[in-house]
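Throughout, numbering of the chain's residues begins at 1 and tracks the sequence. One-based numbering, in listed order, for ligands and for the atoms of each. For clarity, every value in this text was computed on a predicted model and none was experimentally measured.
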Amino acid sequence: MLFACKKQAGPIERKVEKLLAKMSLQEKVGQMNQLNGHKAGENLYEKIRRGGVGSILNAEDPVQLNKIQKIAVEETRLGIPLIFARDVIHGYKTIFPIPLGQAASFNPDIVEKGARVAAIEASEAGIRWTFAPMMDISRDARWGRIAESFGEDSYLTERLAVAMVNGFQGEKLSDPTSIAACAKHFIGYGAAEGGRDYNSTHIADRQLRNVYMLPFEAAVKSGCASIMTSFSDNDGIPASGNEYLLRQVLRNEWKFDGITVSDWESVKEMINHGFCQDAKEAAFKAVKAGLDMEMVSSCYNEHLVELIETGKISEELINEPVRNILRLKFRLGLFERPYLDTASVKKTYSKAHLQLAQRTAEESFVLLKNENNILPLSISKIRKLAVIGPMADAPHDQLGTWSFDGDKQYTQTPLSALKGMYDDAGFQILYAPGVAYSRDKSKSLFAQALAVAKQADAIVVFVGEEAILSGEAHSLADLNLQGAQSDLINELEKANKPLISVVMAGRPLTIYNEIQLSDAVLYAWHPGTMGGPAIANMLFGKTVPSGKLPVTFPKITGQIPIYYNHNHTGRPPTRNETLIDDIPLEAKQSSLGCSSYYLDAAFDPLFPFGYGLSYTSFKYSDLSLSSDVLGRSDTLEVNFSLTNTGNYDAKETAQLYTSDLFASIARPVKELQVFEKIFLKTGETRKIRLRLPIQQLAFWDINMNKSVEPGKFRLSVGGSSEDGLIAFFNVK
Ligand code: GLC
């Protein structure tokens with residue numbers, strides 16, 4: 001059944017219909033193809049001349065791109081312009097922190113600003129369509145693409161995804177600096193079994209609705225121009241052939257009028273899935289499911305015309321995708337302005353862009369430990385600072401995954417920033433890599449590092465992951481630091497100097513031992529072009545950490561999947577269970593108690609979702625609710641006082657969680673509903689009011705209806721997902 005949602009006929013719709021009526025079948029099918037422009041050549045030019053291409057991805061050279069566009073506009077029968085696409089995931093040239101790091105900022109405004117900068121820089125290069133924001137809920141740090149996600153929580157992901165869509169798309173898509181956003185990967189890709197990329201997912205429809213679809217629905221409602229189907233099969237159905245997702249949910253329920261694009265060759269890969277016999281069946285199932293554009297593979301180009309001419313599918317099944325594609329091209333203003341002005345002044349790498357990238361990095365860092373307030377360092381006390389580790393001066397790796405276009409020569413590393421920080425003659429930076437790169441197993445550089453450490457007043461060791469170790473297809477079965485990095489920290493600790501570890505990685509790592517050995521630990525993710533000055537400023541207190549974890553950190557990999565908004569189970573852990581070393585000999589079968597925990601790892605994570613320290617401290621007090629009985633259409637006002645009780649002006653992200661205590665299905669132990677990042681001067685107290693519309697408590701219930709069920713709710717307000725100030729309220 002074809003679920004078409006007819007658009008009200010505005011000027012663009014009239015243009016779409018008028019152009020569609022002129023198009024041949026081959027020209028229509030041509031629009032449904034996106035080809036790889038990386039190696040554009042005569043073959044590609046010929047395909048374009050035949051009207052066989054609708055979009056090009058990875059055309060990197062603006063001059064080349066205009067050349068290709070000229071063929072499409074001036075050498076084809078109807079002159080339909082191409083859309084040029086690229087993965088502009090966390091910056092184009094100026095690279096921002098990886099999305100997981102941006103999520104730690106809990107700052108939608110700065111995320112939106114960063115996407116705006118990326119759009120300005122990418123559109124200057126002729127790119128008008130990015131394949132971002134990636135909004136896969138990620139609960140498994142073995143999955144390398146957690147780096148591209150906003151973490152494990154649907155609400156945080158939703159807020160940041162919408163911010164990124166708005167940043168990319170600007171006020172209106174026809175603005176020359178606007179680029180079409182792409183909500184990906186639809187859907188559930190982050191639940192790949194075992195954290196092994198491209199693996200199957202088994203997500204029940206209710207869980208899809210209550211967890212994975214929420215950010216996509218919000219992105220669609222915010223006007224996101226496109227959606228990308230995931231490589232993965234959910235419950236046996238590959239997303240690129242899933243009619244329920246692409247028609248029933250996207251078109252029929254959400255009234256999405258943008259375009260759906262497959263992932264790279266994911267249409268053809270439905271053969272590998274065993275879901276299709278051959279390319280013809282892949283074309284048939286994808287177009288029947290409602291997939292508008294095929295990325296790189298050519299099942300559509302090779303078989304759609306035949307499928308129509310032999311009556312296997314109706315031409316209307318092609319018309320709808322072509323309408324969606326033409327509509328986006330009109331909205332982008334491509335018919336009026338198909339060419340890039342290659343002579344205009346470039347804003348790429350402007351001072352303003354670099355400053356924003358630095359500020360975003362600063363807001364993304366999470367202070368995990370700060371024993372005896374060893375941080376911030378003081379220049380008066382630290383005359384010699386040992387800077388050690390493979391990530392101290394790693395301009396390429398600091399940019400993180402999906403940073404194709406970032407030029408590493410612009411990267412400012414921690415070493416370069418620290419060296420340039422003070423011109424105080426007595427202040428010295430002593431550098432030694434310790435290991436040559438994150439996977440380096442050799443200890444041949446240890447002696448030099450230890451010699452440097454012995455001379456210094458304090459040690460900052462930069463460890464983590466090379467950029468290639470996270471991102472697509474880069475799953476890890478063990479999240480311990482690679483190579484000899486842990487051994488290096490073990491040795492450095494013996495120098496008996498203040499030891500600060502800075503971790504640059506694309507995912508949570510199991511750094512239990514490093515946490516024990518270090519006096520302070522700052523998690524910097526992959527911080528991008530300006531990560532160095534951002535870290536240097538923070539180490540010396542010019543800025544104060546304000547990041548909060550967007551993802552739970554496991555103690556050991558075996559605890560995964562581990563996330564804060566899990567269900568209670570019938571036997572919730574008491575958190576003081578007997579651990580393996582304390583079990584008496586010949587212990588009786590059920591003597592240890594029967595609850596949901598690990599004998600060798602207990603239940604608790606290393607650090608919980610929403611956790612992050614500051615150089616100052618905050619006190620939450622005087623919690624009060626506007627009412628403790630509310631109707632479904634009411635808004636609960638949660639009032640409390642927040643005090644900066646320490647010695648630094650700083651920002652705190654206050655978080656409000658609710659627990660639906662009894663419902664028609666088992667509900668998560670708690671869910672983030674509201675957060676607000678608040679700046680307080682030292683000693684300042686402010687009355688804070690957080691608003692929670694009761695409608696926000698709706699979920700897909702036992703009958704698969706989205707509803708707010710009456711009942712008792714528990715509420716917690718604090719600086720992490722661990723319990724803070726508690727109150728209760730009832731929904732009538
Ligand atoms: C990749 C990724 C997708 C990306 C696309 C184009 O395989 O899965 O996220 O946008 O191909 O590069």
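- The protein heavy-atom contact nearest to atom 11 (O) of ligand 1 is Asp263 OD1, 3.1 Å.
- Contacts between Arg145 and ligand 1, counted as non-hydrogen atom pairs separated by less than 4.0 Å, involve the side chain only.
- At least one heavy atom of Met228 sits closer than 4.0 Å to an atom of ligand 1.
- There is no side-chain donor-acceptor pair under 3.5 Å between Asp136 and Ser149.
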Taking distance alone, no hydrogens or angles, what donor-acceptor pairs closer than 3.5 Å link side-chain atoms of residues 271-278 to residues at least two apart or in another chain?
residue: His273; atom: NE2; partner: Phe231; partner atom: O; Å: 3.0
residue: Asp278; atom: OD1; partner: Lys280; partner atom: N; Å: 3.2
residue: Asp278; atom: OD1; partner: Glu281; partner atom: N; Å: 2.8

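- Here Phe186 and Phe216 bring their ring centres to under 6.0 angstrom of each other.
- Of the N or O atoms in Asn58, none lie within a sub-3.5 Å distance of an N or O in ligand 1.
- Counting the atoms of ligand 1 from 1 in the order shown, those under 4.0 Å from a heavy atom of Trp264 are 7 (O), 11 (O).
- Residue-level proximity to ligand 1 for Lys184 is carried by the side chain, the only part with a heavy atom below 4.0 angstrom.
- Ring-centre distance between Phe330 and Phe335: below the 6.0 Å cut-off.
- The pair Glu265-Lys268 does not meet the salt-bridge criterion, since no charged nitrogen lies less than 4.0 angstrom from a carboxylate oxygen.
- Atoms of ligand 1 found under 4.0 Å from any heavy atom of His185 (numbered from 1 in listed order, with element): 3 (C), 8 (O), 9 (O).
- Residues Glu294 and Ser297 have side chains that bring a donor and an acceptor to within less than 3.5 angstrom of each other.
- If you check the side chains of Arg337 and Ser174, you find no donor sitting under 3.5 Å from an acceptor.
- Taking any N or O of Glu148, backbone or side chain, none lies under 3.5 Å from an N or O belonging to ligand 1.
- Of the protein's non-hydrogen atoms, Glu472 OE1, 3.1 Å is the one closest to atom 2 (C) of ligand 1.
- Protein heavy atom at the shortest distance from atom 12 (O) of ligand 1 is Asp87 OD2, 2.5 Å.
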